[in-house]
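One structure is given below, encoded as structure tokens.
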Amino acid sequence: MLIQFMLKNVLSFKEETILDMTAVPAYKEHESNLIACGTKERFLRVAAVYGANASGKSNLYFAMRYFRMIVEKSLNNGEETAIEEYYFPFSFEEDSGNSEFQIILITGAYEYRYGYEYNDTQIAAEWLYRKSLKTNRSSTVFERSAEIICFGSSVRKECDVYKEQIPSETLVLSFFNKLKLQTDLFKTVYCEIMGMLVVPTDFCEDRKLLEHLLPMVIDGDKEKLMDFLSAIDTGIKNIEYDDSDRRIEFTTIHRGKDNKEYELDLYSESEGTIKSILLFIYARTAIRSNRFLFIDELNVKLHPLLLKFIVDLFYEEDSTAQLLYTTHDTTLMDRKFFRRDQIWFVQKDEYGYSELSALSDFKVRSDASFEKDYLAGVYGGIPFLKEFRVKEG
């Protein structure tokens with residue numbers, strides 16, 4: 001479960017920027033929107049990020065993607081190292097400097113704080129701390145600088161013998177995840193990070209993705225899929241596939257006015273329907289396995305009511321799954337649906353610096369309309385439009 005994600009000097013986010021999924025204790029509305037896990041704090045099931053075009057909200061998505069890709073690839077370097085491939089510091093200053101990520105997450109009985117600082121040649125710093133949710137006691141797993149790695153007492157005996165073998169461009173976490181150790185601590189954190197579903201921006205246009213995922217759902221959970229397609233009013237009565245040829249063919253079944261059944265190639269359905277099917281697969285995966293899901297521009301090709309339907313899937317009490325998404329659609333920016341700590345804004349200034357803030361950072365009247373005030377520019381995160389005319393000639 002994600003508690004906090006921090007980035008610094010990545011893309012348009014030059015200064016330290018923190019997305020926090022911790023609920024504000026003073027807010028008592030929408031208790032069902034929160035996850036309780038035996039701590040004093042409770043955490044958000046869903047958060048939405050709003051911002052103008054080119055404000056940097058998609059850069060938040062890319063930052064999380066780069067963070068995960070470096071964790072995944074830093075040990076498997078080819079001609080180009082992972083830190084070279086995913087080093088994107090702020091562009092509008094002469095001194096590039098180091099980029100930095102940190103994530104705080106909860107898995108099992110512990111809270112983990114893991115992060116690293118890097119440039120295109122080396123890991124400049126890296127750290128991992130663990131806190132017991134039962135005793136609230138924290139311990140150091142390891143701390144790393146450019147010159148030295150120091151392990152905490154719980155792993156020192158087992159890990160010290162390997163520390164001279166870790167390349168300067170490889171993360172300690174990635175290195176020890178590959179080894180067979182008595183401790184499962186490194187593997188636990190690595191798997192929790194890699195289990196986060198950071199969905200590609202063009203996922204609804206990727207036929208290979210659909211061909212890989214949809215047959216498994218049809219074979220294993222077709223009833224739920226059909227219930228979903230019925231609930232969102234697609235008109236689809238059945239869905240089948242044929243993989244006897246080289247290319248998988250999907251067929252949807254519709255019922256005509258004459259009560260007869262008619263077949264349609266799935267790719268003849270609307271783009272919104274295809275995106276909805278893929279969203280169902282991702283949401284189902286996240287909710288069933290209590291995972292974090294991040295989708296950029298969730299509202300694209302979706303009706304506002306369908307957007308709400310997808311969001312509401314994550315309010316199941318038995319799951320600790322979380323959804324974070326970026327959007328332009330302000331339909332759900334309403335106190336009837338969201339708490340103030342669930343709404344975030346990204347704004348970019350004239351020099352290209354993006355800044356992330358939450359609605360909970362503002363003083364909001366009890367009778368205020370979130371959407372109306374947002375569109376009026378009260379919270380930022382909207383485009384500043386100048387007068388422009390297209391004239392003949």
Side-chain angles (χ1 to χ4, degrees), residues 2-21 47-74 77 80-105 112-128 144-146 168-174 189-190 192-194 196-201 292-297 324-327 344-358 380-381:
L2 178 69
I3 308 306
Q4 194 178 96
F5 179 63
M6 184 277 289
L7 62 153
K8 183 178 180 181
N9 193 28
V10 181
L11 298 169
S12 58
F13 291 96
K14 173 63 177 176
E15 305 302 326
E16 180 177 287
T17 301
I18 297 175
L19 176 84
D20 198 338
M21 298 291 282
V49 181
Y50 294 85
N53 291 325
S55 64
K57 63 182 185 303
S58 290
N59 285 344
L60 186 65
Y61 159 84
F62 283 114
M64 188 170 286
R65 182 166 174 262
Y66 299 158
F67 163 73
R68 291 177 68 259
M69 294 306 290
I70 293 172
V71 171
E72 180 182 9
K73 293 184 174 183
S74 74
N77 291 319
E80 183 180 32
T81 64
I83 56 175
E84 283 181 292
E85 185 177 358
Y86 299 108
Y87 176 60
F88 293 98
F90 184 73
S91 298
F92 304 141
E93 288 187 3
E94 289 186 8
D95 181 15
S96 296
N98 292 336
S99 295
E100 186 176 341
F101 292 117
Q102 179 176 273
I103 195 167
I104 301 176
L105 49 86
Y112 297 90
R113 178 157 61 93
Y114 170 71
Y116 57 88
E117 186 180 339
Y118 72 104
N119 52 51
D120 57 351
T121 61
Q122 68 172 349
I123 305 296
E126 187 181 2
W127 56 92
L128 176 59
R144 174 192 194 173
S145 67
S168 61
E169 71 275 6
T170 297
L171 294 172
V172 171
L173 180 67
S174 307
V189 177
Y190 180 91
E192 189 71 16
I193 292 171
M194 298 316 300
M196 299 167 70
L197 299 170
V198 183
V199 179
T201 51
F292 171 83
L293 177 62
F294 191 174
I295 301 178
D296 189 32
E297 302 290 7
L324 174 65
Y325 67 94
T326 69
T327 184
W344 291 76
F345 308 106
V346 177
Q347 182 162 300
K348 185 185 286 185
D349 70 13
E350 60 182 313
Y351 302 108
Y353 294 82
S354 290
E355 181 180 336
L356 180 69
S357 59

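What you see is a predicted model, and the numbers here were worked out from it, not measured in a lab.
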On a heavy-atom basis, which atom in [X] and which in [Y] lie closest, and how many Å separate them?
X    : Y   : answer
S12  : G56 : OG-CA, 3.8 Å
F292 : M64 : CE2-SD, 3.4 Å
M21  : L2  : CB-O, 3.6 Å
A63  : L7  : CB-CD1, 3.6 Å

Is the backbone N or O of [Y] less than 3.5 Å from a side-chain atom of [X], with the two atoms forming a donor-acceptor pair by type?
X    : Y    : result
D120 : Y87  : no
D296 : T326 : no
N59  : F62  : no
T17  : E15  : yes
E297 : S58  : no
R68  : M196 : yes
E126 : V172 : yes
K57  : G51  : yes
S174 : V71  : yes

Pair [X] and [Y], ring centroids less than 6.0 Å apart:
X    : Y    : answer
Y114 : F101 : no
Y86  : F88  : no
Y116 : Y118 : yes
Y325 : F294 : no

Exceeds 12 heavy-atom contacts within 6.0 angstrom, atom NZ of K14:
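Yes, enclosed.
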More than 12 heavy atoms of other groups within 6.0 Å of E117 CD
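Check passes, neighbour count above 12.
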Can you tell me how far apart CZ (F345) and CD (E355) are? Round to the nearest 0.5 Å.
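It is 12.5 Å, given to the nearest 0.5 Å.
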Partner of F90 by ring-ring contact (aromatic ring centres under 6.0 Å, His included), out of Y351, Y353, F13
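Checked Y351, Y353, F13 against F90; only one passes ring-ring contact (aromatic ring centres under 6.0 Å, His included): Y353.
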Quiz question: by atom type and distance under 3.5 Å, do the side chains of T170 and S74 form a donor-acceptor pair?
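Note: T170 and S74 side chains miss the donor-acceptor criterion.
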